[in-house]
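The next block holds one structure in the form of structure tokens; read it before the comments.
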Protein chains: 2
Amino acid sequence: MRSALLDAASKLFLKHGFDRVTARQIAVAAGTTPAMIHYYFVNKLGLFRAMLERVIGPVRDMIAGSLQGGAVDPAVLIRMHMQTAAANPWIATLIVNEVLAEKGRFRGTFIREFAGRQAPLVIELLQRARASGNVREDLDVRLAALSLMSLCMFPFLARHVAGPVLGLKLDEDEIERLIAHTARLFAVGTTPPGRATRPEHRA
Amino acid sequence: MRSALLDAASKLFLKHGFDRVTARQIAVAAGTTPAMIHYYFVNKLGLFRAMLERVIGPVRDMIAGSLQGGAVDPAVLIRMHMQTAAANPWIATLIVNEVLAEKGRFRGTFIREFAGRQAPLVIELLQRARASGNVREDLDVRLAALSLMSLCMFPFLARHVAGPVLGLKLDEDEIERLIAHTARLFAVGTTPPGRATRPEHRA
DNA sequence: CTTAAAACTAAACGCGTGTTTAATATTGCG
DNA sequence: CGCAATATTAAACACGCGTTTAGTTTTAAG
């Protein structure tokens, strides 16, 4: 039952965000009652935290792990991100949802712990790349990091937003090409040395 | 009082989205009671519609108007968008908020009327540009339109998201440069085809 | 001044939310 | 089996939401 709740929470929270899903919806989707949320996770927020840890915890650890071992080619990092994001297409939506939700601070420190922790890494990575001469010297690292992260996110936002807004129905093949197209935008640094690290978590 | 409600609704709805603002919050911010919302706008949704028309109605009309007069250089359209978006920095946030809100359909047909109406125009514009040889022939118009719109939006999303997520505090000057940087990404129509999709990556 | 429409206020309504309680069913082990 | 620990259920709680009602003040024309 605990895992059934986590499953339902994953599906609903990731798609619609914390506020737009009720505890009852999750309970019903899991085939039980809201009381079970309190029993296993204290409250709705606890369920959200647990679900978050289960879903994007592995992703965070993988990225952090592969960044720890010295210098990484930005292109490799981007490719890695693209693959994990493609495998978990709703994470970008979740992050945008949650960041836009609260009035300045985060829901606890979730996003700060997850997405926020990776931002300094990206900046540091770009600084290293600049130092090693892989990108031009006059690069504004902060703005470049912003562009980088935004462009890495937008295909996965577009996936769920394009239909409603543009009247476009994107099939999997087009998404694939959109991701490739975006990745090509960032052919920074030297040539990407094949596939260095691969995400092996859930499809 | 009617306009005071519209003012308060603009500030709150644009920043936080429809669901995350209560009728009482708006009423208090306007120095009155929720009953006035019913009096002037029937209900919360009516207030939302009225506020939407007042805020982005002129923008929509201006863009539609300038598109009516024959062929437009994509670069001009982008520059125009950048200017209006810079003048109304919360519109992008609102659109994303509202698109992410409902489960497939929109809140009524607002976004379809506003943002959605412009999407076909962008696609048509790109098709014209391709026909006139301003962009490369093998351009996928749908995907390009997607990239185009996303990239035009992201600086204005980043403005309010960068702080919380990246720990970056962007001042007005940096925003200015970010917008210019993004606009340069899409120097379509005036630059040779091969160069069009390559970022220059400088501040 | 009179008076009726318009503008505004205060209070309550029904409903859905997250949460909690109290009672019951199920499990697992000596 | 006996029985405590665990799991689950159904019902209710207090609260905030959007909305509505009924009554009062203000406005402005005759």
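So you know, we letter chains A, B, ... as the sequences are listed, proteins then strands, and number each from 1.
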Discussion item. Could you tell me how far apart R2(B) (CZ) and dT27(D) (C1') are, to the nearest whole angstrom?
Written reply: 19 Å
Worksheet item: Which listed nucleotide (dG18(D), dC8(C), dT9(C)) is nearest to the side chain of A35(B)?
Response: dT9(C)
Item to complete: Look at the side-chain N and O atoms of T22(A) and state whether any lies under 4.0 Å from the OP1 or OP2 oxygen of dG16(C).
Response: no
Worksheet item: Is the backbone N or O of I91(B) less than 3.5 Å from a side-chain atom of N88(B), with the two atoms forming a donor-acceptor pair by type?
Response: no
Fill in: R54(A) with D7(A): basic N within carboxylate O range, under 4.0 Å
yes
Item to complete: Using atom CZ of F18(A) as one end and atom C1' of dT17(C) as the other, report the distance to the nearest whole Å.
Response: 12 Å
Item to complete: Please state whether the phosphate of dC8(C), meaning OP1 or OP2, lies under 4.0 angstrom from any side-chain nitrogen or oxygen of Y39(B).
Response: no
Worksheet item: Is the distance from OP1 or OP2 of dG18(D) to the nearest side-chain N or O of N43(B) less than 4.0 Å?
Response: no
Practice prompt. Please determine if a side-chain N or O atom of T32(B) lies less than 4.0 Å away from the OP1 or OP2 oxygen of dT9(C).
Written response: yes
Worksheet item: Taking the side chain of T33(A) as heavy atoms from C-beta outward, which of dT9(D), dG18(D), dT9(C) is closest to it?
Response: dT9(D)
Discussion item. What is the separation between atom CZ on F48(A) and atom P on dT19(C), rounded to the nearest whole Å?
Written reply: 14 Å
Worksheet item: Does the base of dG18(D) carry an N or O that pairs as donor and acceptor with the side chain of R24(B) under 3.5 Å?
Response: yes
Worksheet item: In whole Å, what is the span from the CG atom of D19(A) to the P atom of dG16(D)?
Response: 16 Å
Worksheet item: Which comes earlier along DNA chain D counting from the 5' end, the contact point of Y40(A) or that of P34(A), where each point is its nearest nucleotide?
Response: Y40(A)
Worksheet item: Are any of the side-chain heavy atoms of H16(B) and L100(A) separated by less than 4.5 Å?
Response: no
Item to complete: Name the orientation class of the two ring planes belonging to F48(B) and F13(B) (parallel below 30°, tilted from 30 to 60°, perpendicular beyond 60°).
Response: perpendicular
Discussion item. Classify F41(B) by what it touches in the nucleic acid, base, sugar-phosphate, or nothing, heavy-atom distance under 4.0 Å.
Written reply: nothing
Item to complete: Round to a whole Å and report the spacing from CD1 of I37(B) to P of dT19(D).
Response: 8 Å
Practice prompt. Look at the side chain of A23(B) and decide which nucleotide, out of dG18(D), dT19(C), dC8(C), has an atom nearest to it.
Written response: dG18(D)
Fill in: Short side-chain N/O contact to dT19(D) OP1/OP2 from H38(B), under 4.0 Å
no
Item to complete: Could you state the atom-to-atom distance from CE of M1(B) to P of dT26(D) in whole Å?
Response: 15 Å
Worksheet item: For L47(B) and dC17(D), what is the distance between atoms CG and C1' respectively, to the nearest whole Å?
Response: 16 Å
Worksheet, complete the sentence: Here the distance between atom P of dT6(D) and atom CE of M36(A), to the nearest Å, is 14 Å
Practice prompt. Measure from the side-chain N and O atoms of K44(B) to the backbone N and O of F18(B), and report whether any donor-acceptor pair falls under 3.5 Å.
Written response: yes
